[in-house]
Colleague: 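After the structure tokens below, expect a handful of questions from me.
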Amino acid sequence: MPSTLIRNATIVTMNDRFEVVEGSVLVRDGRIARVGDAGGGPFDRTIDAAGGYLLPGFVQTHIHLCQTLFRGWADDMPLLEWLTCRVWPMEAAHTAETLRASAALASAELLLSGTTTVLTMETVHDTDVVFETMEQTGMRAVIGKCMMDSDDGVPPRLRERTAESIDESLALKKRWDGAAGGRLHAAFAPRFAVSCSRELLEAVGSLATGARTIVHTHASENRDEVEVVRRLSGGYSNLEYLNAVGLATPLLCAAHCVWVTGKEQELLAERDVKVLHCPGSNVKLGSGIAPVSDMRARGISVSLGADGAACNNRLDMFDEMRLAAALQAVRVAPGALPARDVLWMATREGAYALGLDAEIGSIEPGKRADLIVVDRGRPHVAPDRDPWSTLVYAARGTDVRMTMVDGIPLVENFSLVQQDAAEVAANARRAARTLAARAGLA
Ligand code: GUN
Ligand code: FE
């Protein structure tokens with residue numbers, strides 16, 4: 001693999017001291033070899049950062065690549081109606097071909113806006129296609145097939161038997177965990193307590209603990225959901241129920257946690273459960289504002305994700321960062337979630353949530369070279385007084401000049417290296433029309 005010198009950069013390292021360094025980064029064998037004064041070589045090629053910010057690639061800890069084709073077909077509804085009337089019918093209408101188009105579209109959008117790693121919950125079937133697509137596009141991903149074995153309001157094609165759901169998850173793990181040189185990982189992904197039997201949740205809890213595998217789920221996103229869980233579980237609050245079935249462990253990645261009581265927050269902190277905050281989704285579905293600054297003050301890990309194009313409708317981490325800070329300003333006061341902390345959530349905290357903190361999340365020698373360059377030349381970021389403010393409040397996904405994963409440039413000069421973005425979009429448009437027609441939503 002050719003070694004690369006990235007020169008002429010302001011390096012926002014995201015190390016423990018939040019150091020910002022002027023200079024170059026040397027990348028060798030897919031990893032960061034030197035930071036700052038990278039010397040005169042040897043190296044095979046150079047990338048000119050043109051004075052931009054060099055950052056670790058963003059880590060989005062909650063997303064559904066399979067829902068990218070649903071963008072624009074599922075607007076303006078609250079969660080449970082959005083799921084039953086739009087998302088589940090469309091997931092049920094997916095074929096391997098439309099799923100491939102959806103994951104490719106997501107990957108193009110994510111790489112172009114600086115996200116290098118995702119934790120993604122896919123649909124019930126054909127998850128091999130998503131692993132294959134991520135293998136090809138070069139992104140880093142932790143992927144779980146959606147598990148759902150209770151049938152309330154669920155189209156027949158998405159209903160699974162408990163054993164079948166577990167067997168399929170284990171088979172995917174066997175085929176894909178550690179694939180693409182360690183770039184791909186498998187997770188268990190029970191959808192949420194509403195669509196999973198107690199038996200399934202208990203089985204996932206013991207399998208995950210035994211195999212040290214991440215469990216990716218949704219919890220306490222919306223008040224109606226919390227009430228349904230209380231009814232189904234015989235009176236538990238959502239996180240207490242997940243604890244009762246053995247899932248409240250450091251391996252649990254729980255998206256949303258908007259409606260969590262003080263007692264539930266204590267449980268999240270005590271068990272080191274990872275909270276995945278999705279501000280864009282929470283706002284558009286009208287779910288509420290998560291108590292992010294309170295949870296962080298208790299020591300709970302809170303990282304960020306766009307959730308999906310069906311609810312967001314963007315997958316741009318810059319939007320999520322800006323909204324995360326702005327929502328805490330509304331809920332508490334301006335400054336309740338400072339810009340520098342938000343950038344930490346978007347990089348280091350995401351890496352930690354996925355158990356990848358030793359590998360990614362900062363620019364330090366030995367870590368994998370998952371790097372992005374954010375341009376600083378355009379009017380909307382000037383006068384660019386401070387990197388934290390510029391990156392969280394002013395910059396946009398379209399400012400990403402370069403994206404690299406494992407030392408391989410996937411975006412250069414604001415364009416995809418391996419794919420034609422217009423072709424990916426055109427293919428997605430065709431696939432979405434046939435999918436929506438099949439779902440009866442055309
Ligand atoms: N809860 C259960 N399934 C989903 C989903 O697909 N998206 C979101 N945002 N919440 C969910
Ligand atoms: Fe989600």
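As a basis for the values below, the full set of heavy atoms in this structure was taken, side chains included, without hydrogen atoms, waters or symmetry mates. For ligands, and for the atoms within them, numbers begin at 1 and follow the listed sequence. Not measured: the values here are computed from a predicted model. If you read the sequence from its start, that first residue is 1, and numbering goes on from there.
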Colleague: Indicate yes or no for a side-chain donor-acceptor contact from Arg157 to the backbone of His94 under 3.5 Å, with no hydrogens or angles considered.
Modeller: yes

Colleague: How far is atom 9 (N) of ligand 1 from its nearest protein heavy atom, and which residue and atom name does that atom have?
Modeller: Asp307 OD2, 2.7 Å

Colleague: How wide is the angle at the Fe ion (ligand 2) spanned by His62 NE2 and His64 NE2, rounded to 10 degrees?
Modeller: 100°

Colleague: Is it true that the side chains of Asp272 and Tyr352 contain a donor and an acceptor less than 3.5 Å apart?
Modeller: yes

Colleague: Is there a donor in the side chain of Asn282 and an acceptor in the side chain of Asp307, or the other way round, less than 3.5 Å apart?
Modeller: no

Colleague: Provide the number and element of each atom of ligand 1 under 4.0 Å from a heavy atom of Arg191.
Modeller: 2 (C), 3 (N), 4 (C), 5 (C), 6 (O)

Colleague: Looking only at the side chains, is there a donor atom on one of Lys274 and Thr61 sitting less than 3.5 Å from an acceptor on the other?
Modeller: no

Colleague: Taking both backbone and side-chain atoms into account, decide whether His256 has an N/O/S atom under 2.8 Å from the Fe ion (ligand 2).
Modeller: no

Colleague: Under 2.8 Å from the Fe ion (ligand 2), is there any N, O or S atom belonging to His218?
Modeller: yes

Colleague: Decide, counting backbone as well as side-chain atoms, whether Asp307 has an N, O or S atom less than 2.8 Å from the Fe ion (ligand 2).
Modeller: yes

Colleague: Residue-level breakdown please: for Trp82 versus ligand 1, do any non-hydrogen atoms fall below 4.0 Å on the side chain, on the backbone, on both, or on neither?
Modeller: side chain

Colleague: Any nitrogen or oxygen of Glu221 lying under 3.5 Å from a nitrogen or oxygen in ligand 1? Just yes or no.
Modeller: yes

Colleague: Of the protein's non-hydrogen atoms, which lies at the shortest distance from atom 4 (C) of ligand 1, and what is that distance?
Modeller: His218 CE1, 3.3 Å

Colleague: Below the 3.5 angstrom mark, is there an N/O of Glu91, backbone or side chain, next to an N/O of ligand 1?
Modeller: no

Colleague: Show which atoms of ligand 1 fall inside a sub-4.0 Å distance from at least one heavy-atom site of Leu83.
Modeller: 1 (N), 2 (C), 3 (N), 4 (C), 5 (C), 6 (O)

Colleague: Angle between ring planes, His218 versus His256, binned at 30° and 60°: parallel, tilted or perpendicular?
Modeller: parallel

Colleague: Heavy-atom contacts under 4.0 Å between Gln67 and ligand 1: side chain, backbone, both, or neither?
Modeller: side chain

Colleague: Does His62, backbone or side chain, put an N or O under 3.5 Å from an N or O of ligand 1?
Modeller: no

Colleague: Is the distance between the Fe ion (ligand 2) and the nearest N/O/S atom of Cys278 smaller than 2.8 Å?
Modeller: no

Colleague: Between Ile63 and Gln60, which heavy-atom pair has the shortest distance, and what is it?
Modeller: CD1-OE1, 3.7 Å

Colleague: With a 4.0 Å heavy-atom cut-off (strictly under), which part of Leu79 contacts ligand 1: side chain, backbone, both or neither?
Modeller: side chain

Colleague: Closer than 4.0 angstrom, basic N to acidic O: yes or no for Glu359 and Arg31?
Modeller: yes

Colleague: Quick one: which of Ile360, Leu119, Thr347 gives a side-chain contact (heavy atoms from CB on, under 4.5 Å) with Val59?
Modeller: Ile360

Colleague: Looking at Phe131, I'd like to know if the NZ or CZ of Arg175 sits under 6.0 Å from its six-membered ring centre while staying within 45 degrees of the ring's axis.
Modeller: no

Colleague: Step by step, work out the side chain to side chain contact (heavy atoms under 4.5 Å, CB included) result for Gln418 and Thr137.
Modeller: CA-CA 8 Å; Gln418 302 179 2; Thr137 65; 5.9 Å; no

Colleague: List ligand 1 atoms under 4.0 Å from His256, heavy atoms only on the residue side.
Modeller: 9 (N)

